[in-house]
Amino acid sequence: VQLVESGGGLVQAGGSLRLSCAASGRTFINYAMGWFRQGPGKEREFVAAITRSGARTYYADSVKGRFTISRDNAKNTAHLQMNNLKPEDTAVYYCAARDLSRYSSNYAYTGPNDYHYWGLGTQVTVSS
């Protein structure tokens, strides 16, 4: 599956952005999806994850209550709505997919090594 992120940009603290991840190539519902980010000089870290059905979501403590992950299986897209952005949210945001086509599980995954496919990322910069 190919993943392409969009929606990043420059925003002031307290503002909002909505990231999108467009998937192509395979049946989207066979993939658990996740968002990660990597700030300057930092390791890639988990942000949010969603099960293949969209029934369950998981968040890093740092974004809980501010970010919302969602997916539209009919449109092969995943989204990350980011509200009340803070300067520490500045990072490149990556969309990731885990292939579950051989399994009936409906889990979400929080580790970067759990994912098989990655997008190239989209830059989010939050000014103070």
Side-chain angles (χ1 to χ4, degrees):
V1 66
Q2 292 79 44
L3 304 174
V4 179
E5 302 95 336
S6 62
L10 173 64
V11 64
Q12 289 187 334
S16 299
L17 284 173
R18 186 179 190 235
L19 305 184
S20 296
C21 175
S24 62
R26 298 287 179 92
T27 305
F28 188 62
I29 199 169
N30 285 336
Y31 294 88
M33 301 298 294
W35 286 93
F36 291 77
R37 67 186 182 186
Q38 188 165 13
K42 298 181 180 180
E43 294 187 354
R44 190 169 298 189
E45 65 174 356
F46 168 73
V47 175
I50 189 167
T51 57
R52 61 200 296 179
S53 68
R56 288 181 291 171
T57 57
Y58 299 88
Y59 298 93
D61 288 342
S62 59
V63 307
K64 205 171 291 183
R66 300 188 297 123
F67 290 11
T68 303
I69 187 172
S70 62
R71 65 188 295 160
D72 185 337
N73 287 338
K75 295 183 178 180
N76 290 3
T77 56
H79 300 284
L80 184 68
Q81 177 67 42
M82 305 185 297
N83 297 330
N84 191 21
L85 282 160
K86 304 176 181 180
E88 52 263 42
D89 295 318
T90 294
V92 177
Y93 283 71
Y94 297 92
C95 172
R98 178 182 173 95
D99 187 353
L100 296 175
S101 57
R102 297 186 178 185
Y103 308 96
S104 61
S105 65
N106 195 32
Y107 298 130
Y109 301 85
T110 61
N113 292 334
D114 293 328
Y115 289 86
H116 302 121
Y117 302 96
W118 293 83
L120 296 180
T122 186
Q123 176 70 47
V124 172
T125 303
V126 184
S127 63
S128 57

| request: Using side-chain hydrogen bond (donor to acceptor under 3.5 Å, both in side chains) as the criterion, list what pairs up with D114, not counting sequence neighbours. | output: none
Listing, residues 115-122 side-chain donor-acceptor contacts under 3.5 Å, not counting sequence neighbours, or none:
residue : atom : partner : partner atom : Å
Y115    : OH   : Y109    : O            : 2.5
H116    : ND1  : D99     : N            : 2.9
T122    : OG1  : G8      : N            : 3.2

| query | Who pairs with Q123 by side-chain contact (heavy atoms from CB on, under 4.5 Å), at least two apart in sequence or on another chain? | reply | T90, V92, T125
| query | Are D72 and T77 close enough, and set up right, to give a side chain to side chain donor-acceptor pair (under 3.5 Å), and what steps lead you there? | reply | CA-CA 5 Å; D72 185 337; T77 56; 5.0 Å; no
| note | The reported gap from CD in Q81 to CG in L17 (rounded to nearest 0.5 angstrom) is 8.5 Å
| query | Looking at CG of L100 and OG1 of T27, how far apart are the two atoms once the value is rounded to the nearest 0.5 Å? | reply | 12.5 Å
| task | Kindly indicate whether the side chain of N83, heavy atoms from C-beta on, has any atom under 4.5 Å from the side chain of F67. | result | no
| Can L85 be reached from V63 by stepping across I, L, V, M, F, W or Y side chains whose heavy atoms are under 4.5 Å apart? | yes
| request: Check for a donor-acceptor pair, side chain of R52 on one end and backbone N or O of R98 on the other, with a separation under 3.5 Å. | output: no
| message | Test of understanding: with side-chain hydrogen bond (donor to acceptor under 3.5 Å, both in side chains), list the residues that count as partners of E88, not counting sequence neighbours. | response | none
| task | Sequence neighbours left out, what passes salt bridge (Lys or Arg N to Asp or Glu O under 4.0 Å) with R66? Give chain and number order. | result | D89
| message | According to ring pair (Phe, Tyr, Trp, His ring centres under 6.0 Å), who are the partners of F28, at least two apart in sequence or on a separate chain? | response | none
| note | The complete set of ring pair (Phe, Tyr, Trp, His ring centres under 6.0 Å) pairs with one or both residues in residues 79-103, sequence neighbours excluded, reads none
| remark: On a heavy-atom basis, the closest approach of A13 and P87 is CB-CD, 4.1 Å
| field | Reported CG-to-OG distance for the pair N73 and S53, which is rounded to 0.5 angstrom | value | 8.0 Å
| message | For Y107 versus A32, what's the shortest heavy-atom pair and its separation? | response | O-CB, 3.7 Å
| request: Mind checking salt bridge (Lys or Arg N to Asp or Glu O under 4.0 Å) for E45 and listing every partner two or more places apart, or none if nothing turns up? | output: R37
| Selection residues 12-102 - residue pairs positive for disulfide (SG to SG under 2.5 Å), sequence neighbours left out | C21-C95
| field | Closest heavy-atom pair and its distance - N84, S16 | value | N-OG, 4.2 Å
| remark: Distance col, row F46:CZ vs R44:CZ, nearest 0.5 angstrom, shows 14.0 Å
Can I get a per-line list of side-chain donor-acceptor pairs under 3.5 Å for residues 55-62, giving both atom names and the distance, sequence neighbours left out?
residue : atom : partner : partner atom : Å
R56     : NH2  : N106    : O            : 2.6
Y59     : OH   : I69     : N            : 2.9
D61     : OD1  : K64     : NZ           : 3.1

| query | Would you call L10 and V126 a side-chain contact if the rule is heavy atoms closer than 4.5 Å? | reply | no
| message | If you compare all heavy atoms of A48 against all heavy atoms of L80, which two are closest, and at what distance to 0.1 Å? | response | CB-CD1, 4.1 Å
| said: Apply the hydrophobic cluster definition, ILVMFWY joined by side-chain contacts under 4.5 Å directly or through others, and give me every member besides I29. | reply: none
| task | Only counting residues at least two apart or in another chain, list the ones meeting side-chain contact (heavy atoms from CB on, under 4.5 Å) with S6. | result | S20
| message | Within the 4.5 Å heavy-atom criterion, are M82 and V11 side-chain neighbours or not? | response | no
